[in-house]
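Notes to accompany the following structure.
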Amino acid sequence: MKTNSTVGILGYGAYVPMNRLKGSEICRIWGGYESPIEEKAVANMDEDAVTISVECAKYALKRANINPEEIGAVYVGTESKPYAVKPCGSIVAEAIGATPKVTAADYEFACKAGTEAFQTCIGLVSSGMVKYAMAIGADTAQGRPADALEYTVACGGAAFIFGLKSNSTIAYLEGSYSFVTDTPDFWRRGLEMYPRHGNRFTGDPAYFYHIIGAAKGLMGELGYNPSDFTYAVFHQPNVKFPIKVARTLGFTMDALKPGLVVPLVGNTYAGSTPLGLASTLDFANPGDRILVVSYGSGAGSDAFSFVVQDAITRDRDLDPPVSRFINRKRYIDYSTYVKIRGKIIR
Amino acid sequence: MSVPRYWREEKYRYRLIGSRCSKCGEIFFPRRLVCSKCRSRQLRDYKLSEKGRIVSWTIIRNPPKEYEKYAPYAVGLIELDDGLKIISQLVDLEPEEIKTGMRVEATFRKIREEGSSGIIEYGYKFRPVIE
Amino acid sequence: MRRVAVAGIGLTPISEHWDKSLVDLAVESSCRAIDDSGSLNFDTLYVANVGSAFIQRQQNLGSMISDALGIKGINSLSIEASSASGGFAFNEAVRAVASGVSDSVLVIGVEKMSDALPEEVASTLAMSEDQEYIAYTGITNFGLNALIHRFYMECYGVTASDIAMFAVRCHEHAEGCNHAQYPFKISVDRVLTSPMESDPIHALECSGIGDGAAAVILKPFEGKDREVEVLATATSTDIFHLTQRRDITTLNAVCSAAEKAFRTAGISRKEVDLLELHDDSTIMGVLSLEDLGFAEKGKGSTLVVSGVTSRTGELPTNTFGGLKARGNPIGATGIYQISELVMQLRGEAGKCQIENARVGLAENLGGVGSSCSVAILRRL
C-alpha cells in the first residue's frame, strides 16, 4: 500500500513492566523440561493495557515534542482490554491531553492489533484528515496455567506518533502491505479468561504463511531484496519463529538482533512488533532501512518499510531506550505471579 | 463509587494539574478556586512537575476498602521539583529500597476498581526515576 | 459573657459493646450525667459523632437521641468535626451557655465502631481527609501520622523508643481506670516489637477500635460544690492538606487554639496541673505537648521519657490512659477528655487521681491536625 503524501514517525515510546517470571520457575511448577524463552515481563497488579499504553504514549510524545492537542487520532491495539465495552483509546487520549478534538478507538486482531493501528494512522495522516496520529500496541496477555503459552505471554507495549514526512520525522514510510486470511489458529471467545490455540497449526499455515506472504508482497512492490534492509523486525511469539522466518526469507541475524526482545521480555502480543521496532530504532542510524512484519492470529500480517532519517540522532537520550526497560527488573516467583495476575483473588 | 465524581477529576489526576494564582503566583495541588495565600479568585490550571524526591514515607498494612488487594503498599510524601508536595503511592520498589531523598517520577496506574463490573479508576502513582 | 460550669458528667466504659446500639450507649452515658448533675431539663442537646452515617447508615442523631431520652421540643443536632467532634461540640455548648441563649446544654459524644469491619473503620477515619486527593491515594490516618512520625524523627534526631514511651506512659495511667479499654501496663520493648501498623508506627502506638459514649451537662456557673468552671474553650483550623503545610511537624491548629484559649483564660501554662491530649498515635501526643507550648520543638518526648508527664510528675498527661489506653471512640473522645478533667478536678478520679489538681487542659484533634479544640477547666 502506498500513501498519497509521505508519512513518517515523529516519536516513539516503549514500556515494559518490571516484574519478571523466569521460564524455569514455570517449569518448576508444571514439570516442564525447557522454556521457549529465558524470562517474561509481568504487569503489576495496578497495571493493565491502558496504563502501559499511557506510559508509552507519554514517552512518544516527549520524543516527538509536539502539542498533544494536535494529535487527531489515538488507536490502541490490544487483546487485553480492561473493559469489554469502553475504549482504551479515550483514556489514553485524555491522559496525554489530546482530548476532545480527536478520534479514538481500540483495535483487536490478536497480536497484530498494534500494526493495524499503524495502518489506520498512516492513512489518516497521508490523506490529510489529521495532522498527527498515535498508534499503540500494548497487552497484558493471559495464558492458561500449564499451557505452552504460559511460558511466553507477557506484558508491554510501544507507541508511535505519525505525521507527514519532514526534517523532524525520525523515519519515513516507503510502503506497507497487509496479508489476511481466515485461519483460526488461536482465539478467545467472549467472557472466556484464556485463549485456545491449534498447537502446531499455529506454525506453517499461520505464522509463517502470513509473515512470508506479507514480507514478499511488500518487497515485491518496492522492488527490494532482504539485502536492501539494514534491520528486520518480525512478530516474536517465541525465539524460534522470528529466527526461522528471517532465515527462510534470507535475513541475517545481525539484521534481526536489535529488535529481538522476546528472550528477556516475552511475547507482548499486540505490543510485540511495535516493541521490536522501538528497540531497532534505538540502534538505527540515518539511512538505515527497516522491514517490519507483524503477525496476528486469525490471521494476518502487516508489513512496513521504514527509512531512518537524521532526526533519529536528535535527543536520543530523551526517553529511556527499550534496553533500559529490559534491564529494569524484579524477579517474582510463581505464587506472586498468580496473585498479581488475578489468578487467585483475595 | 461515583462515576461523575471520578470523571470530574480525570484531567487533574491523569495529567497532574493543579492551580496557579494569577495574582501572587502561588501554586497548589490539588486545584482550588480561591488562593489561600492572597485570597485572589484568579487561579489558572498549572501543570505540576512530574519528578521529585521522597520527603517521608510509610507502608500501609491495614488499608481502607477497595485498596485491600494491593496491601501492603508504600505511600510517600513527595516534594516535586517545582516545590509542591504531593502524597502518592510508591510503586516498583520494595519497602527496604525506599530512602528519604530518593528521586521518583509520576506513573499512570490503576488506583482502585469497583469490583469486577464497576469502573476502573486510574491516576498517578510514583516510582523510582527511569533514566 | 456568663461564666460556665460543667454540672454533670457520665461515661460508659470503652469496649466492644456487642449488645448495645449507638443509641443505647448515648442514653446510658446521658442518664449517668443527668443523675450526676441532678438536672433533668435541657434546652439544647449536641451530639458529637463521626461514623454513624457510614457505619450505621443513621443520621438525624439530634432528634433521635433527644427522643430516646424522652425530651421533646428542644434545639438538638449533631456536630461533626472529625475526631475533634467532641471538643467542637463542647465548644459550641460553652458558647451557647456563656452567651445567655442557653441555660442548660447536654453534650453527648458517642461512637459505635464495632458495627463495622476493620477496613470500614479505616475508611470511616479516612473520611476526615480530602477524598479526592488524599484518601484517594489509599493512605489511612495512621499512614498520614506515619509520614509526620518519620520526618519528625529524621528532623529532630528523636528515637523510635523515645516516641514509643508516650504509649507506655498512657498504659501506666490507665491501670485502675474503670472506663479504659486497655487498663494494663506495656513495656517499651513490647511496643517496639509489636507489628507495624504504618511504618514507622507500631500497632501498640495506635489507639484501637472501641465503642463508647460520654456526656456532660453545662450550666451557668453558680459556685456550687462539685462544679467545675470552664475557663476557656477555643477551636482552630489549619491548612487542610498536609502536603500544603510548610512544616508538617507543627500542628498550627493546636498552636492557635492554645493561644486563644490561654488568652481567654487569662492564665499561664505554668498554672496548668494536668493535660488530656489527643494521641491517636504516639507522635500526635508528642507534637501536642510541643504545639500547646509545654515543650520546645523536638523536645516533646523528653518530657515523657523523663517522667514529667507521669502521674507523679510536674505535668501529668493523659491521666486515664489517653486515646491509646483509655480508648478512642472517635466522636466521643473529646467528651471523655472533658469528663476526665472534671473527675480529676473534683478529686473523684479514684486510683487515677493526681494530687492538687486545680487547672486542667484538654486538646482534641480532627483529621491529621486540620482542626483542634482546646478547653481549660478549673476547680474553685
Could you please state which residues from residues 38-60 of chain B sit under 4.5 angstrom from chain A, measuring non-hydrogen atom to non-hydrogen atom, sorted by number, or 'none'?
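Residues in range: B:Glu50.
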query = Is any residue of residues 72-95 of chain B within less than 4.5 Å of chain A by heavy atoms, and which ones?
reply =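 Counting heavy atoms that sit under 4.5 Å from chain A, the residues of residues 72-95 of chain B involved are B:Val91, B:Asp92, B:Leu93, B:Glu94.
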Output yes when B:Arg109 and A:Glu47 qualify as a salt bridge under the 4.0 Å nitrogen-oxygen rule, no when they do not.
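Salt bridge: yes.
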Q: Using a strict cut-off of less than 4.0 Å between a Lys/Arg side-chain nitrogen and an Asp/Glu carboxylate oxygen, indicate whether B:Arg127 and A:Glu55 qualify as a salt bridge.
A: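 Salt bridge present between B:Arg127 and A:Glu55.
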For the [atom1] atom on [X], are there more than 12 heavy atoms of other groups (residues, nucleotides or ligands in this structure) within a distance under 6.0 Å?
X        : atom1 : result
A:Arg196 : CZ    : no
A:Lys343 : NZ    : yes
B:Lys65  : NZ    : no
B:Trp7   : CH2   : no
A:Glu69  : CD    : no
A:Ile344 : CD1   : yes

[X] [atom1] to [Y] [atom2] distance, which is reported to the nearest 0.5 Å:
X        : Y        : atom1 : atom2 : value
B:Tyr14  : A:Ile91  : OH    : CD1   : 5.5 Å
B:Thr107 : A:Asp46  : OG1   : CG    : 7.5 Å
A:Asn44  : B:Tyr70  : CG    : OH    : 9.0 Å
A:Tyr59  : B:Ile130 : OH    : CD1   : 4.0 Å

message = Under 4.5 Å from any heavy atom of chain A, what part of B:Glu10 do you find: side chain, backbone, both or neither?
response =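 For B:Glu10, the contact with chain A is made by the side chain alone.
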*Starting from the C-alpha separation in whole Å, work towards a yes-or-no answer on side-chain hydrogen bond (donor to acceptor under 3.5 Å, both in side chains) for A:Asp48 and B:Tyr122.*
CA-CA 10 Å; A:Asp48 60 19; B:Tyr122 295 96; 2.6 Å; yes
Q. What closest approach, in Å, do B:Phe108 and A:Thr51 show between heavy atoms, and which atom pair accounts for it?
A.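 So the two residues come closest at O-CB, 3.2 Å.
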Check: What are the two closest heavy atoms between A:Pro320 and B:Glu131, and how far apart are they?
Finding: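 Result for this residue pair: CB-O, 3.6 Å.
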*Under the 3.5 angstrom rule, does the side chain of A:Tyr83 hit a backbone N or O of B:Ile120 as a donor-acceptor pair?*
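Yes, because the side chain of A:Tyr83 sits within donor-acceptor range (under 3.5 Å) of the backbone of B:Ile120.
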> Under a 4.5 Å heavy-atom cutoff, which of A:Pro17, A:Ala95, A:Pro321 has the most pairs with chain B?
Replying inline: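 Among the listed options, the one with the most contacts to chain B is A:Ala95.
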For chain B, which candidate among A:Glu94, A:Met18, A:Lys339 shows the most heavy-atom pairs at distances under 4.5 Å?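 Among A:Glu94, A:Met18, A:Lys339, the one with the most close pairs to chain B is A:Glu94.
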Notebook entry, point to check: Under a 4.5 Å heavy-atom cut-off, does chain B meet the side chain of A:Met45, its backbone, both or neither?
Noted result: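 Interface part for A:Met45: both.
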>> Please classify the contact between A:Lys58 and chain B as side chain, backbone, both or neither, with a heavy-atom cut-off of under 4.5 Å.
In response: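 Side chain of A:Lys58 only, per the 4.5 Å heavy-atom cut-off to chain B.
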